[in-house]
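Input: a single structure, listed below in structure tokens.
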Amino acid sequence: MNEQIQLLINLQDKDTAISELNEIIKSLPVRVEQWKESYKAKENKLNQMRKNKEEVEKELRSKERRLQSVEDELKRFRGRIYEVKTQKEMVSLDNEIKKSEEEKSELEEVILQLMDANDDLDNKINFLSNELEKELVELKKAEEETNQKIELNINKLDVATKERNEISEKIPKSTLALYEKIRANKNNLAVVPVGNNACQGCFIKLPPQLINKVKEASEIVRCEECVRILYFKK
């Protein structure tokens with residue numbers, strides 16, 4: 001095979017590897033970032049639950065204070081029963097007692113509901129707190145592993161880039177310029193094999209005489225359709 005063609009094949013292999021390494025380096029942090037966003041959303045949810053719990057507890061304390069006040073009023077009202085002298089005063093006192101008893105009953109119902117809500121929030125907060133604690137450990141581990149993988153692939157990229165430069169230095173400038181022009185216009189793929197009598201870049205069937213020229217490998221042959229450089233892979 002013509003040495004130039006072999007060098008172009010090697011160069012294409014390096015550029016393909018470099019492109020893949022760049023994609024890997026770019027994609028590795030994505031999963032961790034998604035995980036961080038998910039963790040942050042749960043953390044915000046937990047903080048909101050804690051705020052809700054504070055509001056419920058504040059409301060609960062308020063209702064309990066009011067209940068105590070109503071119970072004190074009832075105690076006073078009932079203590080006055082034996083002091084009442086007229087029917088009118090008795091009716092008025094009965095109304096006050098009834099009103100206080102109704103409020104007491106309503107307050108007790110509300111307090112029970114608030115206590116249930118508070119217990120429910122306690123359970124949810126404890127569950128989510130434990131979940132986040134475990135997730136944080138896993139997240140830190142994933143982040144550390146990702147950073148290690150990125151560093152490893154950056155080292156591979158440095159080696160591949162150095163090897164790529166060494167290959168390109170051996171290729172004539174005019175040929176290298178042609179390669180770079182094709183690669184820039186053809187999605188990083190300038191050199192492709194012939195397979196099943198077709199260009200493996202655009203998959204167009206090639207005429208027999210062109211295939212023969214590719215097999216001879218005595219000169220650079222390009223696909224008539226996509227203009228990529230062709231080679232015959234044995």
Side-chain angles (χ1 to χ4, degrees), residues 12-75 99-165 180 183-190:
Q12 180 65 76
D13 288 343
K14 288 300 170 188
D15 280 330
T16 300
I18 288 168
S19 179
E20 289 173 353
L21 285 166
N22 278 320
E23 284 300 314
I24 290 169
I25 292 166
K26 183 181 175 182
S27 66
L28 276 170
V30 173
R31 176 61 185 137
V32 174
E33 288 305 313
Q34 290 173 341
W35 205 339
K36 282 182 179 179
E37 288 175 12
S38 174
Y39 179 87
K40 187 64 179 176
K42 288 181 181 179
E43 194 174 42
N44 290 339
K45 185 179 179 181
L46 178 61
N47 291 334
Q48 186 58 53
M49 282 182 183
R50 285 172 173 157
K51 286 180 182 178
N52 293 345
K53 179 175 166 59
E54 286 176 7
E55 291 172 5
V56 168
E57 287 177 339
K58 183 180 178 181
E59 182 67 12
L60 180 58
R61 289 192 296 269
S62 173
K63 296 300 182 186
E64 285 174 338
R65 285 194 298 270
R66 180 55 189 161
L67 178 62
Q68 184 62 54
S69 177
V70 170
E71 286 176 340
D72 290 343
E73 285 176 358
L74 270 171
K75 189 176 180 181
K99 183 180 175 183
S100 293
E101 285 177 339
E102 287 174 354
E103 186 178 0
K104 179 176 180 289
S105 179
E106 289 172 2
L107 284 166
E108 287 172 340
E109 181 64 28
V110 171
I111 286 169
L112 285 173
Q113 290 173 357
L114 288 170
M115 289 174 71
D116 286 343
N118 196 41
D119 288 343
D120 185 53
L121 282 167
D122 265 337
N123 292 333
K124 288 178 178 178
I125 287 168
N126 289 335
F127 177 81
L128 192 53
S129 295
N130 292 333
E131 193 175 80
L132 282 174
E133 193 175 329
K134 292 174 185 175
E135 276 194 23
L136 185 59
V137 173
E138 292 174 0
L139 179 57
K140 286 180 178 178
K141 183 181 176 183
E143 196 169 13
E144 186 179 331
E145 289 175 351
T146 298
N147 289 336
Q148 289 173 354
K149 288 177 182 177
I150 289 172
E151 186 178 352
L152 176 64
N153 282 284
I154 286 173
N155 291 337
K156 287 182 180 179
L157 180 61
D158 289 341
V159 172
T161 302
K162 182 182 177 183
E163 291 172 349
R164 195 256 186 213
N165 292 337
E180 295 291 8
R183 190 168 72 91
N185 294 321
K186 297 296 178 181
N187 196 29
N188 197 42
L189 193 60

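Position 1 is the first residue of the sequence, and the numbers go up from there.
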So do the side chains of E103 and S69 get within less than 4.5 Å of each other, counting heavy atoms only? no

Could you check whether any side-chain heavy atom of E59 comes within less than 4.5 Å of a side-chain heavy atom of E55, counting everything from C-beta outward? no

Using a 3.5 Å cut-off and no angle test, enumerate the donor-acceptor pairs between side-chain atoms of residues 22-33 and protein atoms at least two apart in sequence or in another chain.
unit_1, atom_1, unit_2, atom_2, d
N22, ND2, I18, O, 3.2
S27, OG, E23, O, 3.0
S27, OG, I24, O, 3.1

Under 3.5 Å donor-acceptor pairs involving side-chain atoms of residues 107-118, not counting sequence neighbours:
unit_1, atom_1, unit_2, atom_2, d
E108, OE2, K104, NZ, 2.7
E109, OE2, Q113, NE2, 3.4
N118, OD1, K53, NZ, 3.0

Could you give the side-chain donor-acceptor pairs of residues 149-161 under 3.5 Å, partners two or more places apart or in another chain?
unit_1, atom_1, unit_2, atom_2, d
N153, ND2, K149, O, 2.8
N155, ND2, E151, O, 3.3
T161, OG1, L157, O, 2.7

Does this structure show an ion pair linking K40 with E43, if we count only N-O contacts that are shorter than 4.0 Å? yes

Do the charged groups of R183 and E180 touch, with an N to O distance under 4.0 Å? yes

side-chain hydrogen bond (donor to acceptor under 3.5 Å, both in side chains) against E144, all qualifying residues, sequence neighbours excluded: none

Partners passing side-chain hydrogen bond (donor to acceptor under 3.5 Å, both in side chains) against S62 (at least two apart in sequence or in another chain): none

Quiz question: by atom type and distance under 3.5 Å, do the side chains of E101 and S105 form a donor-acceptor pair? no

Less than 3.5 Å apart, any donor N or O on the side chain of Q68 or D72 sitting next to an acceptor on the other? yes

Has E133 got more than 12 heavy atoms of other residues, nucleotides or ligands less than 6.0 Å from its CD? no

The salt bridge (charged side-chain N to carboxylate O under 4.0 Å, His left out) partners of E102 (sequence neighbours excluded) come to none

